[in-house]
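Structure first, commentary second.
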Amino acid sequence: MDKLAARTLQLNQKQTKGSMNQRYLFALAAVLSIARAQAQSTCASPLPALAGMTYTVDTMIGTDVPLPVCSSGGTGATRSEWFLYTATDYVTVTLSSDLTQNGNTDTRVQIYSGECGSLTCVGGDDDSGTGLLTVAIFNAYAGQSYLIAWDNRYSSSGFDFTVSEQPWDPTAISFTNQAVSTSGNAYAAVDMNNDGYDDIVSVTATNIRVHYQQPDGTFNMVDYVTTSADYTASWSMAAGDIDGNGFLDLLYGGGSGVTFMVANADGTGFTEVSGPQYVFSQRSNFVDINNDGNLDAFVCHDVQPNVYYINDGTGQLSYIQGGLGNTPDGGNYGSIWIDYNNDHKIDLFIAKCRGSNQSPASVDQMHQNNGDGTYTDVAAPLGLADFHLSWSSAWADFDLDGDMDVLIGSSSMAQGGHKLMRNDGATFTNMTVGSGFDVFGGTSIEWVAHDFNNDGRVDVLGASNTIHFNNGDWTFTPIVVTASSGPIADLNNDGFLDVLNGGTIRLNTGNGNNWLRVNLHGTLSNVNGIGARVAITSTLGTQIRDIKSGDGFRYMSFLGAHFGLGDDELVEQVTVYWPSGTVDVITDVAVNEVLDVTESLSTATAELPATAYTVSPNPASDRITIAGELSGATAILLDGAGRVVLRANAADGAIDVSRLATGSYVLNLVTAGGTWKERITKL
């Protein structure tokens, strides 16, 4: 069913459902005493339908054609008959014309919420029954009314149908399957073209296949042929915009080295950049390691100290080995960048897995960001330096107390099982016993934390096709689902998180819970806001998310912050703590929407006088030159709507504006001494 429409129905019909039910009360009373009845020909006068009843649709004569079409077969119907079903509880409803007396009559049905003239699809079916007969199934919410329209797309002949009910849990979820044609390895589910919709990315050595999600829920597949990558994404993939042009670049973590596929200025092609260094890659990430506003890259090394690539602001990357995990024989598997101590500086946790007898290659590490470009391993005093065999860890605020906790999931039970650790500030407390993870024997290299049922409590997806649903009391209930580990994103834009498993999208059926998605657009910080902390406050309390490129071990999930809200109908406040130190606050945010937040350019620094810099030529067609003290300066251009259209390192004073559309822009020059603004015209 259309989950967003169902939830919208819950909100909108609280005032209207009573009057709607009264309108048909007289008809309900009449139906109670009979077993068969005839349909009505218009949306405005449907016949009430009850569970356990058989109904007759006579030869169709109604001219009120049902639209939109919710089932297959498209438009073309000219006649219809209408019914009204009202749920008294949370039930799964089955409408079936698959009855012996109907022979092989070709039937079709549409199911709607809302009022006549503004209907929203809830479900529908054409030929799921025997032959050409119909079986339509949808979840109904207690107290809600649904319009049922049979049409003559294929036949106007009369037939019978039945209505039946089965109870369902309104908070439960499951997954349905949708095939997708992936190429090579399906690794990423991210917004590649910055249009607000999560896309699907799969790669081979010479091709990047992107399924661009469309507003109507379909996908547009595009193949980008590349030069042969020196190193394929055999172990991991990460995504991030390293050159700030608005299109995501890809990092391939290979068994012998690292390849970057850098998107061009309009996202229609990729340039391969491969380093000569030997890197036995494991988990890879994009993150601003030295907090200079430029996105860097980090790669776990299996057999040597870890490596990272520092971005100079022009997309040029400098290779560095050591300083962030120096174990000589490696064992570095699952890196994840989160702010564990709430100082708004992103830290690095590494789940490690090799060796025995307390080998350092299997002792987990926590590298605390000192704020000056250096990091200190503090795992031991925090109680996290355990000898363990794990390839990844799932970080989230499991108890809603405002800091990040962690489930370190085992890849092998040989050296102890899973560890559920509560963040108590100065240390972590082991909460495994009694949590459910202590008796769970499944192992995996992939462990991730997301709110799959939108109840405001973060769950864990890991081994054995099992989601561990968070009960809010440090216990988790394991439920087996069809989805296994893979990239996670909202792949039908309905507010519930889906999972990509190779060539199959596992679409989350959702429930009646509310949600909020927050997408970030950095200005002083990196374009995607990677490393930012997003906090929201509602009746449930305060929830936090850290924006990260790369969680789990292998896959690349969406770049954004997804929050479940349960029954909460308003988010009182959204606060974004950007890596630059800027803090943006938005109040009174509606639920069930995507909120785009662009980083404020206002900081604690002063606004510099007009004479501090000059720009020439102005107007300009290809390039502008800025004169003045430019050490460490960043140029940010905003269009007339206040959107960031260009972000560049301004240290050499030359800014390429050739790809901008003709028009007027505001140049913001951000320096250590303050911010300077000038309006420029692009010819």
Side-chain angles (χ1 to χ4, degrees), residues 231 233-240 242 251-260 273-292 294-311 317-340 345-355 359-370 372-380 382 384-393 395 406 408 411 445 530-531 548-554 556:
Y231 312 105
S234 54
W235 286 99
S236 69
M237 182 192 288
I242 57 175
L251 184 164
Y252 298 175
S256 299
V258 176
T259 287
F260 295 89
V273 180
S274 296
Q277 301 87 1
Y278 169 71
V279 182
F280 191 165
S281 308
Q282 300 297 313
R283 173 75 264 179
S284 53
N285 315 94
F286 280 108
V287 63
D288 185 356
I289 293 174
N290 58 356
N291 202 37
D292 64 352
N294 303 312
L295 201 59
D296 311 308
F298 176 88
V299 183
C300 279
H301 205 310
D302 192 345
V303 296
Q304 294 178 13
N306 293 320
V307 304
Y308 48 102
Y309 301 80
I310 296 298
N311 184 353
L317 302 173
S318 299
Y319 172 87
I320 300 175
Q321 184 170 25
L324 286 171
N326 294 327
T327 310
D329 54 347
N332 307 293
Y333 280 63
S335 53
I336 187 168
W337 293 78
I338 43 83
D339 177 14
Y340 89 90
K345 297 189 289 285
I346 205 75
D347 310 302
L348 166 64
F349 181 81
I350 303 174
K352 294 171 66 69
C353 183
R354 188 173 356 96
S359 165
S362 289
V363 178
D364 297 337
Q365 298 177 358
M366 170 62 80
H367 296 273
Q368 179 177 293
N369 189 337
N370 299 321
D372 58 1
T374 66
Y375 291 76
T376 302
D377 185 1
V378 294
L382 290 175
L384 297 176
D386 294 335
F387 174 62
H388 195 57
L389 297 180
S390 180
W391 288 36
S392 59
S393 57
W395 286 80
V406 61
I408 306 171
S411 58
I445 65 175
I530 295 170
K548 48 191 177 291
S549 169
D551 61 350
F553 173 75
R554 179 186 299 274
M556 178 67 211

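Keep in mind the model is a prediction, meaning the values are calculated, not measured.
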Can you name the closest pair of heavy atoms from [X] and [Y] and give their distance?
{"X": "L384", "Y": "M366", "value": "CD1-CE, 4.2 Å"}
{"X": "V258", "Y": "S281", "value": "CG2-OG, 3.7 Å"}
{"X": "P328", "Y": "P305", "value": "O-CD, 3.9 Å"}
{"X": "W235", "Y": "Q282", "value": "CE3-OE1, 3.6 Å"}
{"X": "F349", "Y": "S393", "value": "CD2-OG, 3.3 Å"}

Excluding sequence neighbours, so at least two apart, what forms side chain to side chain donor-acceptor pair (under 3.5 Å) with [X]?
{"X": "S549", "result": "none"}
{"X": "Y231", "result": "none"}
{"X": "Y333", "result": "D302"}
{"X": "T374", "result": "N370, D372"}

At what distance, to the nearest 0.5 angstrom, does [atom1] of [X] lie from [atom2] of [Y]?
{"X": "D386", "Y": "S362", "atom1": "CG", "atom2": "OG", "answer": "12.0 Å"}
{"X": "F553", "Y": "C300", "atom1": "CZ", "atom2": "SG", "answer": "8.0 Å"}
{"X": "D347", "Y": "D339", "atom1": "CG", "atom2": "CG", "answer": "5.5 Å"}
{"X": "W395", "Y": "I338", "atom1": "CH2", "atom2": "CD1", "answer": "4.0 Å"}
{"X": "K345", "Y": "D288", "atom1": "NZ", "atom2": "CG", "answer": "13.5 Å"}
{"X": "L324", "Y": "H367", "atom1": "CG", "atom2": "NE2", "answer": "6.0 Å"}

For a quick check under 3.5 Å, do [X] and [Y] share a side-chain donor-acceptor pair by atom type?
{"X": "D296", "Y": "N311", "answer": "no"}
{"X": "Q368", "Y": "Y340", "answer": "yes"}
{"X": "K352", "Y": "N332", "answer": "yes"}
{"X": "T327", "Y": "Q304", "answer": "no"}
{"X": "S390", "Y": "S411", "answer": "no"}

Review point. Tell me the side-chain hydrogen bond (donor to acceptor under 3.5 Å, both in side chains) pairs involving residues 251-260, sequence neighbours left out?
Key: T259-S274

Point to revise | Polar side-chain atom of N306 near backbone of H301 as donor-acceptor pair, under 3.5 Å | key: yes

Practice item. Test side-chain contact (heavy atoms from CB on, under 4.5 Å) on I310 and I320 and set out the steps. Key: CA-CA 8 Å; I310 296 298; I320 300 175; 3.7 Å; yes

Study note, to complete from the structure: For N285, the side chain to side chain contact (heavy atoms under 4.5 Å, CB included) test, sequence neighbours excluded, returns R283, F298, S335, W337

Practice item. Please assess I336 against K548 for the test side-chain contact (heavy atoms from CB on, under 4.5 Å), listing each intermediate value before the final yes or no. Key: CA-CA 8 Å; I336 187 168; K548 48 191 177 291; 3.8 Å; yes

Check your understanding: Below 6.0 angstrom between ring centroids: does that apply to F260 and Y309?
Key -> yes

Check your understanding: Side chains of L251 and V299: does their closest heavy-atom pair fall under 4.5 Å?
Key -> yes

Check your understanding: Under the side-chain contact (heavy atoms from CB on, under 4.5 Å) criterion, do S392 and I408 qualify, and how do the steps go?
Key -> CA-CA 7 Å; S392 59; I408 306 171; over 6 Å; no

Point to revise | Derivation and outcome, side-chain contact (heavy atoms from CB on, under 4.5 Å), residues I346 and V287 | key: CA-CA 9 Å; I346 205 75; V287 63; 3.9 Å; yes

